[in-house]
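What follows is a single structure, written as structure tokens, with notes after it.
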Amino acid sequence: SYDELKKCTNNFSDSNEIGSGGYGKVYRGMLTGGQVVAIKRAQQGSMQGGLEFKTEIELLSRVHHKNLVGLVGFCFEQGEQMLVYEFMPNGTLRESLSGRSGIHLDWKRRLRIAIGSARGLAYLHELADPPIIHRDVKSTNILLDENLTAKVADFGLSKLVSDSEKGHVSTQLKGTLGYLDPEYYMTQQLTEKSDVYSFGVVMLELITAKQPIEKGKYIVREVRMAMDKNDEEHYGLGVLIDPAIRNMTNLIGFGRFLELAMQCVEESAADRPTMSEIVKALETILQNDG
Ligand code: ADP
């Protein structure tokens with residue numbers, strides 16, 4: 001109930017606030033059984049919030065996968081809307097890549113994070129019934145649990161896709177700048193391949209640790225230009241590689257990982273792999289590590 005949730009976060013005190021997003025503030029709390037949770041509290045009086053709230057509950061109650069952040073419960077009382085999730089103690093992938101969380105992600109860990117998130121998304125695309133397009137895949141929506149296992153979060157923008165709807169023109173463009181599929185941007189035709197594009201951008205973040213747009217430069221374009229130069233060292237990527245992994249002598253499957261990322265961000269959706277093809281390719285890369 002609302003009162004219980006209020007208690008478990010100490011009356012939503014600022015000290016328990018762990019973040020805020022488009023939907024509202026997020027608090028850390030502990031349920032009476034001892035389970036640590038993240039509580040998303042909607043901004044007061046936002047119609048948008050109301051709609052997203054219902055959408056998110058409907059989606060999450062149907063969706064269970066080890067690489068998707070699980071919904072523990074919800075509350076819709078006393079004018080408050082709240083979603084209770086399992087708590088991800090190691091924060092977002094973006095925080096780790098930017099060095100803010102103090103967690104060092106070595107290359108092998110990055111491969112595992114890529115596979116985990118890809119599995120979560122492949123599940124949404126191919127096994128959820130009906131299929132779900134996430135629509136806002138990005139490094140701040142990939143959370144890390146206590147074992148640094150990746151879990152995809154934030155289905156507020158997700159869209160259930162029935163066959164009749166698939167490929168239809170949507171009226172409102174959704175997503176985050178820098179991750180946005182250019183073909184979707186042009187045609188507004190929503191398909192799973194838009195998630196694949198965004199995921200490709202995340203893969204480039206895993207290589208470079210850069211944000212998708214930094215100082216007006218797009219990571220996708222920067223990497224493409226560097227690869228065109230094609231000098232010996234890592235396809236000319238040299239200075240673009242994250243310093244935290246640049247000195248590792250053996251980046252297993254680096255070349256193939258990079259190729260896969262570039263396939264994901266192909267201009268034409270038809271040239272991009274599906275999410276489950278990505279999972280298979282990543283698994284092959286990691287297996288060759290022995
Ligand atoms: P946005 O709407 O910008 O995607 P969210 O509202 O989903 O952001 O979350 C805001 C922030 O709260 C996240 O960046 C993250 O730091 C934190 N957060 C969200 N969900 C969880 C969770 N389940 N466990 C731990 N931290 C979380």
Side-chain angles (χ1 to χ4, degrees), residues 5 8-10 12-31 34-44 46-57 59-61 63-75 80-103 105 113 116-117 120-121 124 132-159 172-180 195 198-199 201-202 205 211-213:
L5 287 182
C8 89
T9 57
N10 234 332
F12 301 106
S13 72
D14 289 347
S15 60
N16 285 330
E17 195 183 314
I18 45 176
S20 67
Y23 178 81
K25 288 185 173 177
V26 184
Y27 298 84
R28 183 179 191 275
M30 195 192 278
L31 301 180
Q35 187 184 2
V36 182
V37 291
I39 301 171
K40 271 199 199 184
R41 190 185 191 200
Q43 253 140 15
Q44 289 286 339
S46 99
M47 286 289 285
Q48 182 77 8
L51 185 67
E52 283 188 16
F53 188 71
K54 265 201 76 202
T55 313
E56 189 140 351
I57 292 177
L59 283 175
L60 287 179
S61 57
V63 157
H64 301 281
H65 188 272
K66 74 182 269 264
N67 297 111
L68 298 171
V69 176
L71 184 72
V72 178
F74 62 90
C75 165
E80 294 269 8
Q81 298 170 352
M82 278 175 276
L83 293 167
V84 184
Y85 295 91
E86 43 181 353
F87 181 71
M88 297 291 123
N90 285 314
T92 68
L93 174 59
R94 170 63 14 222
E95 284 162 344
S96 286
L97 289 176
S98 61
R100 265 180 287 142
S101 65
I103 298 166
L105 302 176
I113 288 171
S117 348
L121 291 169
L124 288 180
I132 294 166
I133 299 176
H134 186 291
R135 304 177 93 190
D136 203 16
V137 175
K138 52 180 174 179
S139 57
T140 50
N141 278 338
I142 296 175
L143 302 181
L144 302 175
D145 77 359
E146 61 279 8
N147 305 313
L148 298 178
T149 297
K151 300 203 183 206
V152 179
D154 209 358
F155 300 91
L157 292 178
S158 296
K159 198 171 193 320
Q172 221 185 334
L173 212 60
K174 301 253 172 113
T176 302
L177 211 64
Y179 294 93
L180 214 52
D195 283 352
S198 311
F199 183 75
V201 177
V202 173
E205 287 182 80
Q211 309 232 45
I213 309 174

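All ligand and atom numbering here is 1-based and tracks the order in the structure. Numbering of residues begins at 1 and proceeds along the displayed sequence. Just so you know, these numbers come straight off a predicted model, no measurement behind them.
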With distance as the sole criterion, is a donor-acceptor pair present between the side chains of Y27 and S13 under 3.5 Å?
-> no

Salt bridge present between D145 and K66 (N-O < 4.0 angstrom) | no

Can E86 be said to touch ligand 1, with heavy atoms closer than 4.0 Å?
-> yes

Mode of L143 contact toward ligand 1 - side chain, backbone, both, neither (heavy atoms, under 4.0 Å) | side chain

Is there a nitrogen or oxygen of K40 sitting under 3.5 Å from a nitrogen or oxygen of ligand 1?
-> yes

Counting from 1 in the order shown, the ligand 1 atoms closer than 4.0 Å to a non-hydrogen atom of T92 are 14 (O), 15 (C), 16 (O)

Would you say the side-chain atoms of T92 and R94 include a donor-acceptor pair closer than 3.5 Å?
-> no

Please could you name the atoms of ligand 1 that D154 approaches to less than 4.0 Å, counting only its heavy atoms?
-> 1 (P), 2 (O), 4 (O), 7 (O)

Atoms of ligand 1 close to F87 [distance to a heavy atom under 4.0 angstrom, numbered from 1] = 24 (N), 25 (C)

Check whether any side-chain heavy atom of Y179 sits under 4.5 Å from a side-chain heavy atom of V202, and report yes or no.
-> yes

Check: E95 side chain, S101 main-chain N or O, donor-acceptor pair, under 3.5 Å = no

Does any N or O atom in V69 lie less than 3.5 angstrom from one in ligand 1, N or O only?
-> no

Determine the sole option in T149, I142, V152 for which the side chain to side chain contact (heavy atoms under 4.5 Å, CB included) test with N67 is passed.
-> T149

Close approach of A153 to ligand 1, heavy atoms, under 4.0 angstrom = no

Would you mind reporting whether V201 and S198 have side-chain heavy atoms less than 4.5 Å apart?
-> no

List the steps, then state whether side chain to side chain contact (heavy atoms under 4.5 Å, CB included) holds for L144 with I113.
-> CA-CA 9 Å; L144 302 175; I113 288 171; 3.9 Å; yes

Which of these, G70, G24, A38, G19, has its nearest heavy atom closest to atom 11 (C) of ligand 1?
-> G19

The atoms of ligand 1 lying under 4.0 Å from a heavy atom of N141, numbered in the order shown, are 4 (O)

May I ask you to check whether K138 has an N/O atom sitting below 3.5 Å from an N/O atom of ligand 1?
-> no

Those atoms of ligand 1 less than 4.0 Å from some heavy atom in S20 = 10 (C)

T140 to ligand 1: N or O pair under 3.5 Å?
-> no

Donor-acceptor under 3.5 Å (H134 side chain, D154 main chain) = yes

